[in-house]
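These numbers come from the heavy atoms of this one structure, side chains and all, not from hydrogens, waters or symmetry mates.
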Amino acid sequence: MTGMSDVERRRELGQQFRVDSVRMSAVAKSGHPTSGMSAADLIAVLADGYLRYDFDEPKSSANDRLVFSKGHASTLLYSFYRAAGVITIDELLTYRTLGSRLEGHPTPVLPWVDVGTGSLGQGLPIAVGMALAGKYLARTPSRAWVLCGDSELAEGSVWEAFGHAAHYELDNLTAIFDVNRLGQRGETMVGWDVDTYVARAQSFGWHAIAIDGHDLEAIDRAYAEAVATEGKPTVVVARTVKGKGVKAVENVNGWHGKPLDDPDSAIAELGGLRDLRIEVAKPDPVEPHRFETGSLELPRYEVGSEVATRKAYGDALAALGTARGDVVVLDGEVSNSTFAETFKKAHPERFFEMYIAEQQMVAAAVGLQAVGWRPFASTFAAFLTRAYDFVRMAAVSRATLVLSGSHAGVSIGEDGPSQMGLEDIAALRAVHSSVVLHPCDANQTTKLVATLADTPGIAYLRTLRPATAVLYGPDEDFEIGGSRVLRSSDEDDVAIVGAGITVHEALKAADELAGEGIAARVVDLYSIKPLDAETLVAAAEATGGRIVTVEDHWPEGGLGEAVLSALADIDEPPHVVSLAVSGMPGSAKPEELLAAAGIDAAHIAAAARRIVAEHAARVSG
């Protein structure tokens, strides 16, 4: 593109992006070309003049980050990659086909895509995490650029991001609003009223610039202003035309998510095929900041003492932070309850308060891990459900992070059902490639926290509000996918399988049963996913298939169903009685609520007696 002015080159580049968007969706017979066409000029100027990125070193902390929050505009992103020379025209035309890296919405199958997008309202909150990393952790000049669609600006998560970005003065973050007016079924809530977006952004403490999104010189000035702005993030509010460049679809409703009817004439109208190349500027070499580290000295708790697993979580995090400079902790304004505050006191530079904004908390964790950090994010187990779509999409992003949910189950006591996580195990078990752990004592918790720092994927640690007896010595190790048999004999009549608080109730029940001549095997199934099927099968064989599962969770999708799944294929299916919370709990003391739910020691013992008696009756009959 030698001999062209900046404006001419970028105009041609934008047109090439539009042509390629039309071509890709025409071959695939699907896609969102008009959504890419509206933002083509915005990305042309960004790619040709402002983005700093080394495609050969995509994980470099010196790189800017580019997030397409409007992931349905994937044709535009892939067209940019083609112009940058990292994918070929042949690959471009495999768009949306089986085995292609060019999926309908971008995912990290491509090395230059940091996170999966397409569930709207997530890109900007994730970029907040990236910008936090750049400004406060790596401390490099890198910037985060986010292309947002105007439809997704109705999502509350976007405004959680606005609040947090301003609070943390993320002047290395620029949001680009592609205000093309038309959503999937018609006009957006605000339409082309860019002044409303500007006012909203300014009210959150952002620097806001309104422009014509097809005026290349105005785009250039806006980006330069964004880069020069200090102390606050910037949003470029760009008024654009959906389907820009092709009269048949320009600003015409009903073309969202559809290829054009006559791609050849559309390409001709756009000026024909082009094969322009751009050299995206590489960032200056920079050495990222590194935090000092020491040895890992996990806390040690005396067997028989009583310690809440949530406290052990906080203690272990602080120790882990001393040993690992890449560990970062986020919390949803309950750190004095989750005990994440222990880490905050020890390592304040690596703790980020996300306030009561669970979507932003999980999104920031996704952004942090995408640029090389190891985030642990904690809140009450019940409130993680508010961010479930972000957890689901984190798996699409191939993210590695740890979520900790405290105050799980009816054992929290008087606070009542609004605060009780009773569906969290089911929800997190359903996440692709997740790990779900529910420790029952403090030493077990600390070891699992340390292990999770090196565990890939989405991991969930469920912790308890009440203090529980320490059962395991501080030198015992616990692996992902393991369990512990706490009581067993050669004459076991029944196996009781629990996790967390119900392990302690199971041990009390086993003591009661032993006094009646009934031998009960007690299994601490602390790893609910993946599951120790071998130990469960052995328990079934040893007890003649008599198993009682007990959990402080709804029956759907919890420990009991996990056990049933693990035992489904054995030759003689066991008789499994599952105890779980079935009725809506209220406010009372923990022991009263455990009894009311039918999951305390007395109810466990009664279920064990019943299953043993039924077996005896069948044998004698």
Side-chain angles (χ1 to χ4, degrees), residues 422-423 425-431 433-438 440 479-500 502-503 505-507 509-510 512-514 516-582 597-621:
L422 288 166
E423 50 285 298
I425 293 174
L428 273 296
R429 278 183 67 218
V431 172
S433 299
S434 62
V435 168
V436 179
L437 306 176
H438 190 15
C440 70
E479 63 182 6
I480 306 297
S483 67
R484 281 288 188 279
V485 178
L486 288 165
R487 300 278 177 85
S488 67
S489 73
D490 293 335
E491 287 81 34
D492 286 335
D493 299 298
V494 63
I496 305 170
V497 182
T502 61
V503 171
E505 296 299 314
L507 289 170
E512 182 178 333
L513 292 166
E516 303 168 16
I518 298 174
R521 179 171 299 202
V522 176
V523 179
D524 171 12
L525 197 68
Y526 65 84
S527 181
I528 300 174
K529 181 187 177 185
L531 198 73
D532 182 3
E534 183 178 346
T535 293
L536 292 173
V537 170
E541 292 174 347
T543 61
R546 294 178 293 279
I547 295 177
V548 175
T549 68
V550 56
E551 59 192 304
D552 193 357
H553 186 274
W554 299 127
E556 294 84 5
L559 178 145
E561 290 193 354
V563 170
L564 285 167
S565 294
L567 298 175
D569 292 334
I570 64 177
D571 292 337
E572 295 186 17
H575 181 188
V576 178
V577 173
S578 294
L579 305 181
V581 182
S582 56
I599 58 172
D600 67 342
H603 285 85
I604 297 169
R609 287 189 202 99
R610 187 166 61 252
I611 196 172
V612 170
E614 288 173 358
H615 171 74
R618 284 196 301 271
V619 171
S620 62

What pair of heavy atoms forms the shortest contact from [X] to [Y], and how long is it?
X	Y	answer
Leu579	Ala607	CD1-CB, 4.0 Å
Ala499	Asp524	CA-OD1, 4.3 Å
Leu567	Ile570	O-CG1, 3.3 Å
Ala566	Ala533	CB-CB, 4.2 Å
Gly517	Asp493	O-OD2, 3.9 Å
Ala495	Thr543	N-CG2, 3.7 Å

From [atom1] ([X]) to [atom2] ([Y]), nearest 0.5 Å:
X	Y	atom1	atom2	value
Leu559	Asp552	CG	CG	11.5 Å
Thr502	Ile604	OG1	CD1	6.5 Å
Glu512	Ile518	CD	CD1	9.5 Å
Glu556	Ser582	CD	OG	9.5 Å
Arg521	Glu491	CZ	CD	10.5 Å

Is [Y] close to [X] at the side-chain level, that is, under 4.5 Å between some pair of heavy atoms?
X	Y	result
Glu505	Val550	no
Val619	His615	yes
Val523	Val503	no

* Asked: Within a reach of under 6.0 Å around CD of Glu516, are more than 12 heavy atoms found that belong to other residues, nucleotides or ligands?
  -> yes
* To do: Please check if atom CD in Glu534 has more than 12 non-hydrogen atoms from other residues, nucleotides or ligands closer than 6.0 Å.
  => no
Donor-acceptor contact below 3.5 Å, side chain [X] vs main chain [Y]:
X	Y	result
Glu551	Gly560	yes
Thr535	Asp532	no
His553	Ile425	yes
Lys529	Ala562	no

* Just one of Val576, Val494, Val612, Val497 clears the side chain to side chain contact (heavy atoms under 4.5 Å, CB included) bar with Val548, so which one? -> Val494
* Salt bridge check: are Glu561 and Arg429 linked by an N-O gap of less than 4.0 Å? -> no
* To do: Start with the C-alpha distance between Thr549 and Ile496, add both sets of side-chain angles, then the distance that settles side-chain contact (heavy atoms from CB on, under 4.5 Å), and finish with yes or no.
  => CA-CA 6 Å; Thr549 68; Ile496 305 170; over 6 Å; no
* Asked: Should His603 and Ile599 be marked as a side-chain contact (heavy atoms from CB on, under 4.5 Å) after you check the CA-CA gap, both sets of side-chain angles, and the distance that decides it?
  -> CA-CA 6 Å; His603 285 85; Ile599 58 172; over 6 Å; no
